[in-house]
Amino acid sequence: MMLTRSFRHILLAIIVFIWVVPFVALVTTSLRSETASKTSGFWTAFTPTELGHRFGTHDKGGTEEFLVMTGNIFERLNQDKDSYQITGDIKSILFKGRVPDPENEGKTILEKRLVFAGEVMDVRGGDFVFQTNGDFTWTFPEATAPRPKNLDVFLDQDPIFGADAFIEVLFDNKNVPNALISSFIVTIPATIIPITIAAFAAYAFAWMSFPGRDWLFVIVVSLMVVPTQLAFLPVLQGFSGIASWATELNAWMTDCEDTGTCRVASKTFASLWVTHTAFGLPLAIYLLRNYIVGLPKELLESARIDGANHLQIFVKLIVPLSVPALASFSIFQFLWVWNDLIVALYIGPADAADLVFPIRLQKQLGTFKDQLHLLNASAVISMIVPVIVFLSMQRYFIRGLLAGSVKGG
Amino acid sequence: MAQVALKDVNKSFGKTHVIHDVDLEINKGEFVVFVGPSGCGKSTLLRLIAGLETLSSGEIVIADRPVMDLPPSKRGIAMVFQSYALYPHMTVFHNMAFSLDLQGFSKKEIRERVESAAKVLQMEHLLDRRPAALSGGQRQRVAIGRAIVRNPDVFLFDEPLSNLDAALRHETRVEIAKLHKQLDATTIYVTHDQVEAMTLADKIVVLKDGEVMQVGSPMELFNKPQNEFVAGFLGSPKMNFFEGALTGVSGGNAAFSGEGIVSKGVRLVSSEKDKGAAARLGIRPQHLAQDPKGTLAGKITLIERLGTETVVELLTDANTPFRFATPEMVDSELGDEMRFSFEASKAHLF
C-alpha cells in the first residue's frame with residue numbers, strides 16, 4: 001500500500017515535470033536577452049554564468065589630467081543599456097601587455113595573464129586595481145591624461161530577466177495584437193454557439209420523449225468519429241457555393257457592379273464559427289446529455305407539478321444545475337478552437353490582419369528565424385489566454401451542486 | 001361527494017399490467033393512506049393521480065373535473081416526494097415561490113403566501129437558506145411548504161418519511177397529522193409502513209399486486225380484515241395462521257378444528273366456504289392467552305424481550321410456527337411447552 005502510494009506520487013511528479021518543463025522553457029527564454037537566449041539554454045538562466053565583456057576605462061577625448069582615476073566597471077559596461085543590465089561579481093581581467101623579458105635583457109615579451117581582484121596591473125604606465133564589485137582605481141605617479149584602454153573582463157553574471165521581447169512583439173507592429181483580436185473573434189462565438197445548441201439538444205435527448213430519440217442520439221454521437229480534416233473539401237465547397245450564390249444575389253439586388261464590390265468572401269470568420277460549431281456539437285451533446293440525464297428525475301417531476309413547461313424547466317433548473325458540465329465543455333471547446341491551426345488555415349480569412357494566433361505563430365517562424373526570445377514571447381502570449389480562461393472557469397467546477405436537493409444527492 | 005374518484009383505473013408498462021381495475025372514492029378532507037408491500041403499485045397509483053404517468057384506461061376525477069387529459073400542474077394537486085426534490089440552487093423562499101412565480105402571481109402575493117405557509121410550518125427563519133444548509137427534517141418541511149403554497153385540492157405524499165431517522169420520523173408523523181387537521185385538506189399518502197398507515201389514516205387502502213385488497217378505517221381493517229393478506233399485513237407481530245377444516249357453518253360464523261385447536265363461533269371471512277372445507281384460522285399474537293387447559297400448544301424457539309412487550313416464538317407439534325405477544329413477563333425458557341386459549345370473537349377464518 002505504502003509502496004504503491006509513493007510510486008503513484010513519483011509517477012505524478014514525473015508527469016507534472018514533463019508537462020511543466022516546456023512551459024518554463026518558453027517563459028524563461030522569452031524573458032531573456034537576445035544574446036543570452038541564443039548562446040545558452042534556458043536552464044542556465046537561473047544561476048550566475050561566467051561571461052566575458054570588454055569595457056573602456058573612460059570615454060574618448062577631452063580628458064583632463066589626473067593622478068588617480070576612480071570608476072566602476074559595471075557602470076562602464078551598462079552605460080548604453082536600458083535593460084538586461086550586467087550585474088554580478090568581477091572574476092578577473094585579462095592582462096595583455098609587453099613586459100621585460102627575464103631571459104633576454106633589454107627585450108620585451110607579450111604577456112597574457114588573468115589578473116584577479118585586488119592585484120595591481122600596469123595599464124599605460126599607471127597602477128590599475130579593481131574590486132569584485134567593479135570599483136577600480138587607476139593611479140599614476142604624476143598627472144597624466146591617458147587614452148582610454150579597452151580591457152577584457154570576466155564576470156559571474158547574475159540571473160537577469162526583462163520583458164523586452166514582449167514589448168517588441170506587442171508594440172513594434174500590429175501583427176500580434178491583430179492575431180489576438182482575430183483569435184477572440186473566432187473563439188468566443190465558436191464556443192458559445194455550440195454550447196447553447198448542445199444544451200438544448202442534450203435536454204431534449206435526456207428528458208423529452210419523441211419517436212426515434214435513441215436512434216437520433218446514436219447517430220449524433222457516431223458523428224464524433226468524423227474528423228474535421230476529412231470534411232475539408234465538402235465544407236469548403238459548401239462555403240464557396242454559398243459565397244458565389246450570395247455574390248449573385250448581391251449583384252442582382254444592389255448596384256455593386258458599378259463599384260466592383262459584389263464579391264462575397266467564402267473564407268470568413270463566420271465560416272470558422274459554423275465549422276467549429278458543427279464539429280464541436282456531437283461531443284458537446286454527448287457530454288451534456290450524459291450529465292443532464294443524471295439529474296434527479298424527481299426534480300423535473302416536481303417542476304412539472306409546479307407548472308413549469310419544458311423551456312422553463314430548461315432555463316430555471318437544467319442550466320443552473322449543469323454549470324459544471326457547461327463549464328468543462330466550454331473549456332474544451334475554447335482550447336480546441338484557440339489552438340486550432342489547420343481549420344483556420346483552410347477555412348478562415350486569409351487577410352494578414354485577420355490571421356488567427358496559431359497562423360501568426362507559424363508565420364513568425366519564418367520572420368523571426370533564430371530570434372528565439374521573440375518567438376517564445378509570442379507563444380507565451382498565445383498560451384496565457386487559455387490559462388486565464390481555465391483558471392477563471394475552474395470556480396464553476398463545483399462539487400456537490402446538487403447537495404440538498406434529494407437524499408444522497 | 002367525492003373529492004377524488006378513481007373509476008376502473010388500469011395501468012400497464014408495456015406488457016406488465018401494474019394496476020388492475022382500481023375503484024376508489026375519497027371524500028373532501030379525508031386522509032387516505034395507500035399501503036402495501038413494495039412493488040404493489042401504490043406509488044404508481046399516486047403518480048397516476050398526479051399525472052406523472054398516463055392512464056392505460058379508466059377515469060380519474062378530482063374536485064368534479066375529469067383530469068385524465070390535464071397536465072400535473074392543472075390538476076389541483078401538490079406532491080411531496082420521498083426524496084424531497086428541492087431545487088438545490090434556490091433558497092427556501094424561492095423553492096416555495098417557484099410554482100406561484102410560474103403562475104404569474106404578483107411579488108406581494110407570493111411573499112404573503114410563502115410567509116403564511118412558512119408560519120404554519122414554523123420555518124420563517126429558514127427562508128433565506130439553501131437546501132444544502134438544512135437538516136433532513138427541515139428539508140421535508142420545505143417540501144411540504146412547497147405543496148401548501150399551491151393551495152391544492154389534494155395533497156399527495158409519496159413515502160415522505162422513509163428518508164428520516166426513527167426519532168424524526170415519529171416527530172414528523174405527528175406534525176403531518178396536526179397539519180392535516182389544521183388545513184383540513186384532502187390528502188393521499190403512500191407508505192409501506194403500517195404504523196404510519198394506522199396512525200395517520202382516516203381511510204386505509206391496502207394494495208397488493210396492483211389490486212385493492214380492502215378499503216376502510218384503520219380499526220375496521222384491523223378488526224375485520226376481508227382477506228388473509230390484509231389480516232397478515234396489518235398488525236405487529238404478524239397474525240398467526242393455523243391449517244385446519246371447517247366443522248360447521250352457521251350464519252356468518254363457523255366452527256374450526258385443526259392443529260389441536262377446536263373453536264366455535266369464529267367469524268367466517270371466506271363466506272363461500274362450506275362445512276368440511278379446508279380453512280385457515282387467523283389469530284393475532286396479542287389475542288392469545290396463556291392457559292394451562294388451552295388446546296393450542298407449542299414449544300418455545302425464541303423469546304424476544306422488548307421491555308414493553310415480550311414476543312415468544314413457538315412451534316406446534318405439526319411444525320407450524322406462531323407467535324405470542326404479551327405485556328407481561330414470561331418466565332419460561334427455550335424448549336418449554338406453553339398452552340394457549342383465545343376468544344373466538346377475536347379470531348378469523350379464511
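Lettering follows sequence order; numbering is per chain, from 1. Worth knowing before you read on, the calculation uses all heavy atoms, side chains too, and leaves out hydrogens, waters and symmetry mates. Note that the coordinates shown come from a computational prediction; the quantities given were computed from them, not determined experimentally.
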Residue part contacting chain B, namely of K297(A), when any heavy atom lies under 4.5 Å:
side chain
Can you tell me which portion of Q312(A) sits under 4.5 Å from chain B's heavy atoms? Options are side chain, backbone, both or neither.
side chain
Passes side-chain contact (heavy atoms from CB on, under 4.5 Å), K316(A) versus Y87(B)? Steps please.
CA-CA 10 Å; K316(A) 295 189 177 193; Y87(B) 311 129; over 6 Å; no
Restricting to non-hydrogen atoms, name the atom on [X] and the atom on [Y] that form the minimum distance, rounded to 0.1 Å.
X       : Y       : answer
R304(A) : S73(B)  : O-CB, 3.6 Å
D306(A) : R146(B) : OD2-CD, 4.1 Å
L299(A) : P88(B)  : CD1-CD, 4.0 Å

Under a 4.5 Å heavy-atom cut-off, does chain A meet the side chain of I77(B), its backbone, both or neither?
both
Chain A heavy atoms under 4.5 Å from D101(B): which part of the residue, side chain, backbone, both or neither?
side chain
Can L102(B) and N309(A) be said to form a side-chain contact (heavy atoms from CB on, under 4.5 Å), step by step?
CA-CA 9 Å; L102(B) 292 174; N309(A) 58 31; over 6 Å; no
Just wondering, do H89(B) and V323(A) contact through their side chains at under 4.5 Å, heavy atoms?
no
Answer whether the closest heavy-atom distance between the side chains of R47(B) and E301(A) falls below 4.5 Å.
yes
Mind checking the CG-CE spacing from L321(A) to M90(B)? Nearest 0.5 Å is all I need.
8.0 Å
More than 12 heavy atoms of other residues, nucleotides or ligands under 6.0 Å from CG of D128(B): is that the case?
no
